[in-house]
A.B. asks: 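Starting off with a structure, shown below.
Every number for a ligand or one of its atoms is a count from 1 in the order of the listing.
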Amino acid sequence: MSDATKVSVALGARSYAIHCGASFAALPATLAPLVRGRRCAVITNTTVQPLYGAPVQAALIAAGATPHLLVMPDGEQHKTMATAERVLEQMAAAALDRGSLVVALGGGVVGDIAGFVAGVFMRGIEFVQIPTTLLAMVDSSVGGKTGVNLAAGKNLVGVFHQPRCVYINWSTLQTLPAREFWAGYAEVIKYGMIADADLFARLERETPALLRAITAAAPTIPNVVGSIIECCCAIKARVVAADERENGLRAILNYGHTFGHAIEQLTGYGTYAHGEAVARGMHAAALLACELGLCPQALVQRQRALLEAAGLPVRFPALEPDQVMAAFQHDKKTSAGSVRFVLPRAIGQVELVNDPPVAALRAALRAAQA
Ligand code: NAD
Ligand code: GLY
């Protein structure tokens, strides 16, 4: 008997299931209808391959596929066109064709690049996501955003390409460094803030025990993590089904990201994990909402308490305000000439605000840096 659950991403003919469970036991049966008789490229990295490459390859063979393992170096700095080109050449050398399938095994970096090469190889072949970080499980593996970075900025090249299925085995989080787990948890808190007050309250109750379990010398992943992941996936699935190409609603997933991207850009990518920048960004966004009279101070305090309970930083780095304001212009390019902020009204409810007054932005920034 399996305790796995399924969440559906409803996109008509391109709909797919997110399988969420605590093992790879159901992987062969899940993949069989997608892979039988086909060549597959399992794209992973040097860290994840020795941990989970063997069970995934075995599952693919049991499902009737011929897997080729393509191992890329680990790290955001390798999420580039150069890596994508190397992987594409390896796919061609392995004689993959238009009927072949890509399997992304790893965190968001592997998932983004594997999805991208699947989206462009022979004008697009199918792919499957097997995420192994908390961030990838709750966010990047779902929704079909794929891509690579340019020197000019993050994720500047990419395609929307939905996976055929997402297979989450959350027991793989056992080997994830604690810092990466908590960085992903910032995105979990984000889901509570943008869409689900009950999830937020549940996180308030569960976080202290989770912190003890995850930061222990030999971490065990409590079952509650599985149901929290499922809850986040259900929210993301709903948002993506309503607005696949981010013409409106999907932008709420960027809560904390306008400030967060400025932090990442100005401190050099990699100084802070993405989730750590988002945690700081959510605090700054709540302060801005308060400054604009959209939400009470109590909301700022409640969000701050949960972020801090998860060991996440909230204080905005001591960056020059003028530099931060200039960094917002970078986001402007992606939102039709406006600098767009996702701001909370209440726990579980946000709204989009374009071009807030500069004085309010500066005041929020001062408060976030205090
Ligand atoms: P990551 O992929 O770099 O993984 C973090 C680290 O954990 C890496 O060193 C990785 O090798 C290692 N790792 C992965 N799984 C492991 C496991 N089970 N055990 C031990 N180590 C493991 O980082 P991430 O936080 O997963 O993803 C960040 C990337 O995701 C960024 O490039 C970001 O742009 C992208 N992203 C994409 C979307 C989207 O919608 N496509 C959404 C959010 C973020
Ligand atoms: N992570 C933001 C999105 O998928 O739209």
Side-chain angles (χ1 to χ4, degrees), residues 9 24 43-53 55-56 71-80 83 104-116 119 127 129-149 153-163 166 168-188 190-191 194 219 221 232-233 235-258 260-261 264 269-270 272-278 334 342:
V9 185
F24 284 125
I43 301 179
T44 186
N45 72 16
T46 47
T47 303
V48 177
Q49 189 274 327
L51 294 168
Y52 304 112
V56 169
V71 183
M72 52 180 272
D74 189 358
E76 180 76 30
Q77 70 274 25
H78 298 292
K79 200 176 114 176
T80 58
T83 306
L105 172 65
V109 169
V110 165
D112 278 9
I113 208 159
F116 177 64
F127 86 114
Q129 289 270 18
I130 306 182
T132 61
T133 63
L134 182 59
L135 180 135
M137 291 175 191
V138 300
D139 193 353
S140 61
S141 66
V142 177
K145 282 188 181 175
T146 75
V148 297
N149 304 327
K154 240 173 104 78
N155 300 329
L156 289 189
V157 173
V159 290
F160 279 97
H161 188 48
Q162 299 291 346
V166 179
I168 295 172
N169 166 7
W170 49 261
S171 78
T172 58
L173 297 176
Q174 204 144 343
T175 53
L176 189 68
R179 183 177 172 191
E180 296 291 347
F181 180 92
W182 293 107
Y185 203 76
E187 302 278 2
V188 171
K190 177 193 81 180
Y191 283 109
I194 63 173
I221 309 297
C232 297
C233 286
I235 295 169
K236 179 138 190 192
R238 244 188 357 255
V239 171
V240 168
D243 178 22
E244 183 183 8
R245 297 283 172 131
E246 198 170 316
N247 293 316
L249 178 71
R250 187 165 177 167
I252 69 171
L253 298 171
N254 297 330
Y255 176 51
H257 285 61
T258 309
H261 284 159
E264 286 184 285
Y269 293 100
Y272 301 112
H274 175 69
E276 293 166 352
V278 168
T334 61
V342 182

A.B. asks: Answer side chain, backbone, both or neither: which part of Glu76 comes under 4.0 Å from ligand 1, heavy atoms only.
C.D. replies: side chain
A.B. asks: Asn45 heavy atoms, cut-off 4.0 Å: which ligand 1 atoms fall inside?
C.D. replies: 10 (C), 11 (O)
A.B. asks: Compare Glu187, Lys145, Glu246 and give the one whose heavy atom is closest to atom 3 (C) of ligand 2.
C.D. replies: Lys145
A.B. asks: Polar-atom distance check: Arg250 versus ligand 2, any N or O pair below 3.5 Å?
C.D. replies: yes
A.B. asks: Taking the inter-plane angle between the rings of Trp182 and Tyr185 on a 0 to 90° scale, is it parallel (under 30°), tilted (30 to 60°) or perpendicular (over 60°)?
C.D. replies: perpendicular
A.B. asks: State, with a plain yes or no, whether a side-chain heavy atom of Leu51 is found less than 4.5 Å away from one of Thr172.
C.D. replies: no
A.B. asks: With heavy atoms of Thr172 as the reference, note each atom of ligand 1 found under 4.0 Å away.
C.D. replies: 17 (C), 18 (N)
A.B. asks: Can Tyr52 and Thr44 be counted as having a side-chain donor-acceptor contact under 3.5 angstrom?
C.D. replies: no
A.B. asks: Quick one: look up the protein heavy atom nearest atom 43 (C) of ligand 1 and list residue, atom name and how far away it is.
C.D. replies: Asp139 OD2, 3.6 Å
A.B. asks: Give the residue, atom name and distance (to 0.1 Å) of the protein heavy atom nearest atom 7 (O) of ligand 1.
C.D. replies: Leu176 CD1, 3.7 Å
A.B. asks: Give the atoms of ligand 2, by number and element, whose distance to some non-hydrogen atom of Lys236 is under 4.0 Å.
C.D. replies: 1 (N), 3 (C), 4 (O)
A.B. asks: How does Glu180 reach ligand 1, if at all, at less than 4.0 Å between non-hydrogen atoms: by side chain, backbone, both, or neither?
C.D. replies: side chain
A.B. asks: Mind checking whether Asn254 has an N or O less than 3.5 Å away from an N or O of ligand 2?
C.D. replies: no
A.B. asks: Can you report which non-hydrogen protein atom sits closest to atom 1 (P) of ligand 1, along with the distance?
C.D. replies: Val109 CG2, 3.9 Å
